[in-house]
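Input: a single structure, listed below in structure tokens.
Residue numbers start at 1 and run along the sequence shown.
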Amino acid sequence: MVAETNSVAESTADLGPRPGLWSKVHQHLQLNSADAIRRSNADLDPVPPHRRTWHTYNYVMYWISDNFSPSGFRNAASLMQVGLSWRDSLICVIMGQFITGIVIVFNGVVGSRYHINFSVQSRASFGYYFSYLMIIMRMVVGTFWYGINAYTGGECVRSILYAIWPSFHNVKNTLPASAHVDTQFMTAYVIYFIIVIPVHWIPMHRLKWLFVIKSITTPIVGFAIMGWVIHTVGYSNASLWTQKTTLSGSALAWTFLNGLYANIGSWSTLAVNVPDFTRYAVNDKAAFITVFVLPATGALVTFFGVVVAAGSDILYGQILWDPLLLIDHWTSPGGRAAAFFCAFFFLISQIGVNIAANSVSAANDLNCLFPRYINIRRGQLIVAFIGSWALTPWNILQSAPAFISFMAGYAIWLGPIAGILLSDFYLVHKQKYDVWELYNRNGIYRYNKIGTNWRAFVAFFIGWVPLLPGFIPTVNSSIKVSAGVSHLYDLGYFYGFGAAMLSYYLLCTFWPAKETMLERAVLPDSDLLHSPNQAFMMDEGIEAALGETVIEAKHEKHL
């Protein structure tokens, strides 16, 4: 009996110490799909065939839903306030979105062909480790704008509450003035946050249905509001259409260019990370429609905003660029019902915009930085909490206009990044990447011991350093610079994009990284699978059916 007891004790001892609480938590936090060798997971890997579900019409709906939002109504506001007419403002918005649409289409091909996101794509041009700086920069701006758009979402909920319970207007404020927010808004903001959190749980390849819904409902709301304004004011009322440009000569030209730069800048983030969405495309051409849909929808929603603003000035004696402020004036029983539906569909729109433009992209960046623990779903939740609460967007909007200007000027860095990405893909590597080498930290895209492509490093600084002197006065108005410096900043995106693109191409031409030059592209679907003694080509139909199994097998091959 004693011998038996000793034997059991020895067996128990052989099992070693039981894992502690932290070990259990750590094990639970790790993703089942995480691959420590490749520093990747299922969301960072190339999208398998069965999850490529976005067709051309899905991208049409995506861009319609991105433009038709409360923020879209405000497109012309700043331009008209600095002296442009509504016609000039409209042209400025169309040109800005058309130019950005071209960049988005060309950069989106990387995602639709290789089915990778921006975080992985950037390794090919910047180097495995230098790309992390680009990823962090994109993540910061995405998280920041998530918070700002969450604030607008709170405004949508507040309008809904006003419409349902008019007494909500009279809710007593119990928060101090230093909070820069009142009890009314904070109540609406908390409700918005509770509503939006479950939406982040929707897988990315299924999120297209949200864009379909909002691309149908929000334009209807826009036409309805504009129609009501025109009907109430009277179409023949000259005040709706007579606002003219108050500038002339060079002042008009440079103000127009500055507005063009601002409009391009607002889309410069998507121009960089559009592969985050085109990676779900069914084919290379599915997202090409962007170049037409983006400026067309931008022009339409901007026209809505102009009419609503001009009409509100006639009706209420103040210009209301925000459609939510306009519908808050609808206090009759029928008006409140209309206000409720308008605010409700604007809420859906705002949720879609924030997910599409900010949370998914920032989550992809977090996924790349911490692939062992964070996938897109977890990343979105982290971005939601940081952007909505840690950044306190109400404080930013109320007391930090300089910070807003700083973030709006972020295009001086994003322009050079986009230029380098396109130069590398089309001019340097001739659209030929080895998709599996992008996941190899010691592979051909490491470039050197520190994982930095010095050519991209130099081109990046050439792209943004000359713009910095003109950027500083937009943050600190007490600093004065010459007119030439300011004008160069007004051309910021064109200079940054073009200078970085050209300099990167020239550096790679004279000092090529020969190890990265390929005879053929290595795609996630057409690559050869190797057994220990032979190679064979997978039939495309079989591969499509196997989906992730094939991709996992290819991963094993390239370890």
Can you tell if the side chain of R378 reaches within under 4.5 Å of the side chain of L31, non-hydrogen atoms only? yes
Do N273 and Q121 have side-chain N/O donor and acceptor atoms under 3.5 Å apart? no
Using side-chain heavy atoms (C-beta onward) and a distance below 4.5 Å, is L210 in contact with I202? no
What pairs with S33 under side chain to side chain donor-acceptor pair (under 3.5 Å), at least two apart in sequence or on another chain? none
S69 and S349 side chains, donor-acceptor separation under 3.5 Å: no
Side-chain touch C368/L44, heavy atoms, less than 4.5 angstrom: yes
Between S85 and D88, is there a donor-acceptor pair closer than 3.5 Å when you use the side chain of the first and the backbone of the second? yes
Mind running side-chain contact (heavy atoms from CB on, under 4.5 Å) on R377 and W201 for me, showing each step along the way? CA-CA 6 Å; R377 180 177 289 173; W201 212 251; 3.3 Å; yes
Look at atom CG of N32 and say whether more than 12 heavy atoms of other residues, nucleotides or ligands are closer to it than 6.0 Å. no
Donor on one side chain, acceptor on other, D45 and S40, under 3.5 Å: yes
Under 3.5 Å, is there a donor-acceptor pair linking the side chains of D490 and N258? yes
Mind checking whether F185 and Y151 have ring centres under 6.0 Å apart? yes
Heavy atoms only: give me the nearest V383-A363 pair and the separation to one decimal. CG2-N, 4.1 Å
Polar side chain donor-acceptor pair, Q350 to N149, under 3.5 angstrom: yes
Other residues, nucleotides and ligands only: do more than 12 of their heavy atoms fall within 6.0 Å of CZ on F292? no
Can you tell me if W63 and T297 form a side-chain donor-acceptor pair at under 3.5 Å? no
Evaluate the side-chain contact (heavy atoms from CB on, under 4.5 Å) criterion for residues T53 and Y280: first the C-alpha distance (whole Å), next the side-chain angles of each, then the deciding distance (0.1 Å), finally the verdict. CA-CA 6 Å; T53 58; Y280 298 96; 5.5 Å; no
Kindly determine whether S122 and I135 satisfy side-chain contact (heavy atoms from CB on, under 4.5 Å), including the steps that lead there. CA-CA 8 Å; S122 61; I135 294 167; 4.1 Å; yes
Could you check whether Y189 and W394 have their ring centres less than 6.0 Å apart? yes
Evaluate side-chain contact (heavy atoms from CB on, under 4.5 Å) for I412 paired with Y489, printing each intermediate quantity in order. CA-CA 8 Å; I412 71 169; Y489 177 72; 3.6 Å; yes
Should we say atom CZ of F341 is surrounded by more than 12 heavy atoms from elsewhere, each under 6.0 Å from it? no
Taking the six-membered ring for Trp, are F277 and H115 ring centroids under 6.0 Å apart? no
Please determine whether ring-ring contact (aromatic ring centres under 6.0 Å, His included) holds for the pair F211 and Y62, giving the CA-CA distance in whole Å, both sets of side-chain angles, and the decisive distance to 0.1 Å. CA-CA 5 Å; F211 304 131; Y62 174 86; 5.0 Å; yes
Exceeds 12 heavy-atom contacts within 6.0 angstrom, atom OH of Y57: yes
What I want to check is whether the side chains of N117 and N364 have a donor and an acceptor closer together than 3.5 Å. yes
Using residues 152-166 as the side-chain source, report each donor-acceptor pair under 3.5 Å to any protein atom, sequence neighbours left out, with the distance given to one decimal.
unit_1, atom_1, unit_2, atom_2, d
S159, OG, E155, O, 3.3
S159, OG, D328, OD1, 3.0
Y162, OH, Q184, OE1, 2.4

Pairwise side-chain contact, F118 with S131, heavy-atom cut-off 4.5 Å (strictly under): no
Pick out which of D365, D276, N367 makes a side-chain hydrogen bond (donor to acceptor under 3.5 Å, both in side chains) with S119. D365
So, do W413 and F471 have ring centers that fall under 6.0 Å from each other? yes
Is the shortest side-chain heavy-atom distance between L366 and M139 below 4.5 Å? yes
Quick check: are there more than 12 heavy atoms from other residues, nucleotides or ligands sitting under 6.0 Å from CZ of F106? no
More than 12 non-hydrogen atoms from neighbouring residues, nucleotides or ligands closer than 6.0 Å to CZ on F193, yes or no? yes
Look at atom OH of Y373 and say whether more than 12 heavy atoms of other residues, nucleotides or ligands are closer to it than 6.0 Å. yes
I want to know whether Y59 and W54 have ring centres closer than 6.0 Å. yes
